[in-house]
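Just so we're clear, the structure is a prediction, and the values are computed from it rather than from any experiment. Chain identifiers are assigned alphabetically (A, B, ...) following the order of the sequence lines, protein sequences preceding nucleic acid strands; residue numbering begins at 1 within each chain.
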Number of protein chains: 2
Amino acid sequence: MKYDHDDVIEKATELFWQRGFQAAGMRDIQQALDMRPGSIYARFQSKEGLFKLVVENYAQNSAKRLKQVAEAESPLGALYHFFETALTGPDEQRYMRQCLLVKSIAELDIIGDIAKKAVLESMQTLKTGFRDIIEACIENGELPEQTPAKLAAEWLQNQFVGLRAFAVVQDDDEPITQMIDKVLLDIKGQWPLNTH
Amino acid sequence: MKYDHDDVIEKATELFWQRGFQAAGMRDIQQALDMRPGSIYARFQSKEGLFKLVVENYAQNSAKRLKQVAEAESPLGALYHFFETALTGPDEQRYMRQCLLVKSIAELDIIGDIAKKAVLESMQTLKTGFRDIIEACIENGELPEQTPAKLAAEWLQNQFVGLRAFAVVQDDDEPITQMIDKVLLDIKGQWPLNTH
DNA sequence: GGTTTACTTGAACGATCGTTCAAGCGACAA
DNA sequence: TTGTCGCTTGAACGATCGTTCAAGTAAACC
């Protein structure tokens, strides 16, 4: 019963991730989940309700992966590996390069207030995850003490977002890995003073 | 007649930019353009045909702005200003922070082959624009000679894309300007050697 | 004057959208 | 046995989707 629930969410995630909230029709969902409309509405109340669960589950998984990076022996090395696996990969999973959350941000005004809230809160959750990685790197001596953790965390998340939007239209893996290399150079580089 | 045409494209751009291709319904378009369905189809053949014109016009405008940056007295200074105006701004124009092209990439599988081609070609056009800026900076002595122009251009576009996705969910302007500062530090920083 | 051309109107089309609902199923409690 | 519960089915709802079309208008060309 519980396994079945996870399986359903997983399949819904795949569909929303590929097509987006708007373009994933209820008929597509019915087919993907092998459920009839009544069942779906009895369980999830609406398309938006299902999407909310998908987003939350996605964010939870992502946060878990970020936590693993932060707790690795070499957080910076794990970070590289994390970026690489997320941004490259087989062509049939290309849709996975685009972050589901970022994709949802493009639909933010469409998806309804409940789902919107879930998306924005999930973004916040991931930001915390990135922050933990930065702090782990500092503690581990892989980043200098004076690295501004809060700014660096936002910056890192930002790099990730940009790279994912970038990777999805890149045929070659080579430019992507070069970009990741650049990220790992810049993270050790200079930071602006907040004097605006 | 010509002015009228530009005005129509401009209004359509605003609508697509705010709502996206999918969510902008023909009835919304009819209202925004103050045109009846028959007129729209006589002129643009389809919703996708109109969207294609919007994308091409958007890319052309963006390319023009990038060209102005490259031809400025201080390209690097102009670049900063370009980023700042694109990424900050009044709240009622928040939708403009998100790049129309990047937003369209999220809908790439939905918008049809003709519009898809236009989006991808426009991305290519803008990449050339960024490349010209890098080269102008090098020629002007604002960037070191050995800066890898091709890689740096892709990186710069990538930063822009990431920042736009980032800025759209930021309430504050402060973190955004800090990110821009970081971009201008990193562009002068180290670059990876392409040894993969 | 007649024909063509580009554009206009608004009703209407068939398809698809998210959602509802009466009816039924098996499991568990009283 | 009876009642309630979570969950199932599939037909059907009204709304909205992108699009078509017959009919009309005004300027341009022969």
Side-chain angles (χ1 to χ4, degrees), chain A residues 1-55 104 106-119, chain B residues 1-55 104 106-119:
Chain A
M1 187 61 89
K2 185 58 171 21
Y3 172 80
D4 172 64
H5 186 78
D6 288 354
D7 189 52
V8 163
I9 295 294
E10 196 176 306
K11 276 172 176 155
T13 302
E14 189 181 332
L15 185 63
F16 280 127
W17 204 346
Q18 278 193 62
R19 314 253 283 130
F21 175 80
Q22 179 81 199
M26 277 308 291
R27 270 89 185 164
D28 300 323
I29 296 174
Q30 289 160 32
Q31 195 178 356
L33 306 192
D34 190 27
M35 288 173 75
R36 262 41 62 194
S39 304
I40 296 175
Y41 279 84
R43 270 211 211 171
F44 306 111
Q45 298 159 84
S46 67
K47 182 184 173 186
E48 189 186 352
L50 173 60
F51 184 69
K52 177 176 177 279
L53 288 185
V54 163
V55 164
S104 304
E107 299 186 280
L108 215 53
D109 295 335
I110 311 297
I111 57 180
D113 288 340
I114 297 170
K116 180 175 178 175
K117 201 180 151 211
V119 168
Chain B
M1 187 59 88
K2 186 59 172 23
Y3 172 80
D4 172 63
H5 184 78
D6 288 353
D7 188 52
V8 163
I9 294 294
E10 196 177 307
K11 275 171 177 155
T13 301
E14 189 181 330
L15 185 64
F16 280 127
W17 204 347
Q18 279 194 60
R19 315 254 283 129
F21 175 78
Q22 182 77 197
M26 277 307 292
R27 271 96 187 157
D28 300 324
I29 296 173
Q30 290 160 31
Q31 195 177 357
L33 307 191
D34 190 27
M35 288 172 73
R36 261 42 61 196
S39 304
I40 296 175
Y41 279 84
R43 270 211 211 172
F44 306 110
Q45 300 158 85
S46 68
K47 184 184 173 186
E48 190 186 351
L50 172 60
F51 184 69
K52 176 177 179 279
L53 288 185
V54 163
V55 165
S104 304
E107 298 186 280
L108 216 50
D109 295 336
I110 313 296
I111 57 181
D113 287 341
I114 297 170
K116 181 175 179 175
K117 200 178 152 211
V119 169

Legend entry - Distance below 4.0 Å between Arg36(A) side-chain N/O and dC7(D) OP1 or OP2: no
Legend entry - Selected nucleotide, minimal atom distance to Ser46(A) side chain, candidates dG18(C), dT8(C), dT19(C): dT19(C)
Inset, instruction - Send over the distance from Gln22(A) CD to dG18(C) C1', rounded to a whole Å. - result: 11 Å
Inset, instruction - Mind calculating the distance between CZ (Arg27(B)) and P (dG10(C)) to the nearest angstrom? - result: 14 Å
Legend entry - Sole candidate of Trp17(B), Phe44(B), Phe16(B) that passes ring-ring contact (aromatic ring centres under 6.0 Å, His included) when paired with Phe51(B): Phe16(B)
Inset, instruction - Measure the shortest side-chain to side-chain distance between Gln31(A) and Leu33(A) over non-hydrogen atoms and say whether it is less than 4.5 angstrom. - result: no
Inset, instruction - Can you measure from CD (Glu14(A)) to CD (Gln18(A)) and round to the nearest 0.5 angstrom? - result: 5.5 Å
Inset, instruction - Count the heavy atoms of every other residue, nucleotide or ligand shown that sit under 6.0 Å from CD of Gln45(A), and state whether that count exceeds 12. - result: no
Inset, instruction - Can you measure from CD (Gln22(A)) to CD1 (Ile110(A)) and round to the nearest 0.5 angstrom? - result: 6.0 Å
Inset, instruction - Would you indicate what Ala24(B) reaches in the nucleic acid, counting non-hydrogen atoms under 4.0 angstrom: base, sugar-phosphate, or nothing? - result: sugar-phosphate
Inset, instruction - Identify which nucleotide among dT19(D), dC13(D), dT8(D) has an atom closest to any side-chain atom of Lys47(B), counting heavy atoms from C-beta outward. - result: dT19(D)
Legend entry - Atom pair distance, as rounded to whole Å: CZ in Arg43(B) and C1' in dT5(C): 15 Å
Inset, instruction - Verify the neighbour count for atom CD of Gln30(B): are there more than 12 heavy atoms of other residues, nucleotides or ligands below 6.0 Å? - result: yes
Inset, instruction - Measure from CD1 on Ile40(A) to P on dC7(D) and round the result to the nearest Å. - result: 14 Å
Legend entry - Of Met26(B) and Ala42(A), the one whose closest DNA chain D nucleotide lies more 5': Ala42(A)
Inset, instruction - Quickly work out the Phe44(B) CZ to dG18(D) P distance and round it to whole Å. - result: 16 Å
Inset, instruction - Check the distance between dG18(D)'s C1' and Phe51(B)'s CZ and give it to me in whole angstrom. - result: 16 Å
Inset, instruction - Between protein and nucleotides 20-25 of chain D, map the contacts as a letter string: B base, S sugar-phosphate only, - none, heavy atoms under 4.0 Å, written 5' to 3'. - result: BB----
Inset, instruction - Please state how far atom CD in Gln30(B) lies from atom C1' in dA12(C), giving the value in whole angstrom units. - result: 13 Å
Legend entry - d(CE, Met35(B); P, dC7(C)) in whole Å: 9 Å
Legend entry - Any donor-acceptor N/O pair, Lys47(B) side chain to Ala24(B) backbone, under 3.5 Å: yes
